[in-house]
Amino acid sequence: SQKIEQNSEALNIQEGKTATLTCNYTNYSPAYLQWYRQDPGRGPVFLLLIRENEKEKRKERLKVTFDTTLKQSLFHITASQPADSATYLCALPTGGSYIPTFGRGTSLIVHP
Amino acid sequence: DGGITQSPKYLFRKEGQNVTLSCEQNLNHDAMYWYRQDPGQGLRLIYYSQIVNDFQKGDIAEGYSVSREKKESFPLTVTSAQKNPTAFYLCASSIDLTGELFFGEGSRLTVL
């Protein structure tokens, strides 16, 4: 079955740098892939969706890429700020349905 | 303001008791979902509903029940059959099964 892999170790970076988070999947390329932000004790908030026929999507300081050959999506935050510190989840449909399955998320910590 | 409202935010239950978590949305979304999140884990799908009066089991439906009598409402009952009910429960909605998910603020259930 399709597995979703996100780095379980927290990513620590300095303010102003670009943060890059990775989401790998194991089997077939999904029809789409989503990225969410989750703050402690809160519900996730949708950030970006990229479809399988798209290579890249941008929204303000956020950029998502989708490489179906590598079976990987990269999520970039440029000019990172301490307020960007949160857990970032990727989600994609698995098991033959369109409903997204979530990865475990990667914690991002931006130091001032 | 449009959104999803979950209640209660915190709930304590004695073993052997059923509890019902409320989820209401005013986004006019057809699809609604219940996820469970445990520490260090991704979100796991409990049940979802594509349309009123219809719902489907997710990956971990055992010990849970739902109803979808109104478009706006999708309550989740955690029954005494659920072996490890202590968790953070998240309700979400989307326009359809392929859309971005809008999450509520979550309900934290603790079994004493």
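Residue numbering restarts at 1 for every chain, and letters A, B, ... go by the order of the sequence lines.
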Next on the checklist: To the nearest 0.5 Å, what is the distance between CD1 on A:Ile99 and OH on B:Tyr48?
Outcome noted: 4.0 Å

Checklist entry - With a 4.5 angstrom heavy-atom cut-off, which part of A:Pro93 approaches chain B: side chain, backbone, both or neither? => result neither

Item to check | Part of A:Leu49 within contact of chain B (heavy atom distance under 4.5 Å) | outcome: side chain

Checklist entry - Under 4.5 Å between side-chain heavy atoms, hopping through other hydrophobics if needed: is there a path connecting B:Leu21 to B:Tyr33? => result no

Next on the checklist: Heavy-atom cut-off 4.5 Å, strictly under: side chain, backbone, both or neither for A:Gln38 against chain B?
Outcome noted: side chain

Checklist entry - In terms of heavy-atom pairs under 4.5 Å with chain A, which of B:Leu45, B:Asp59, B:Leu101 leads? => result B:Leu101

Checklist entry - Is the CZ atom of A:Phe46 crowded by more than 12 outside heavy atoms at less than 6.0 Å? => result yes

Checklist entry - chain A: which of B:Lys9, B:Arg108, B:Glu105 shares the most heavy-atom pairs with it under 4.5 Å? => result B:Glu105

Next on the checklist: Tell me whether the count of non-hydrogen atoms from other residues, nucleotides or ligands lying under 6.0 Å of CD in B:Glu62 goes above 12.
Outcome noted: no

Checklist entry - Got more than 12 heavy atoms from elsewhere within 6.0 Å of CD1, B:Ile51? => result no

Checklist entry - Do side-chain atoms of B:Tyr35 reach the backbone of A:Phe102 as a donor and acceptor pair under 3.5 angstrom? => result no

Checklist outcome for this item: OH of A:Tyr32 to CD of B:Glu100, rounded to nearest 0.5 Å, is 11.0 Å

Item to check | Heavy-atom pairs under 4.5 Å with chain B, option from A:Gly105, A:Pro44, A:Gly41, A:Gly43 with the top count | outcome: A:Pro44

Checklist outcome for this item: To the nearest 0.5 Å, atom CG of B:Leu90 lies from atom CZ of A:Arg42 at 11.5 Å

Checklist entry - Does B:Phe55 belong to the same Ile/Leu/Val/Met/Phe/Trp/Tyr cluster as B:Trp34, with side-chain heavy atoms less than 4.5 Å apart forming each link? => result yes

Next on the checklist: With a 4.5 Å cut-off on side-chain heavy-atom distances among I, L, V, M, F, W and Y, is there a chain of contacts connecting A:Phe66 to A:Ile4?
Outcome noted: yes

Item to check | A:Lys3, NZ: over 12 other non-hydrogen atoms inside 6.0 angstrom | outcome: no

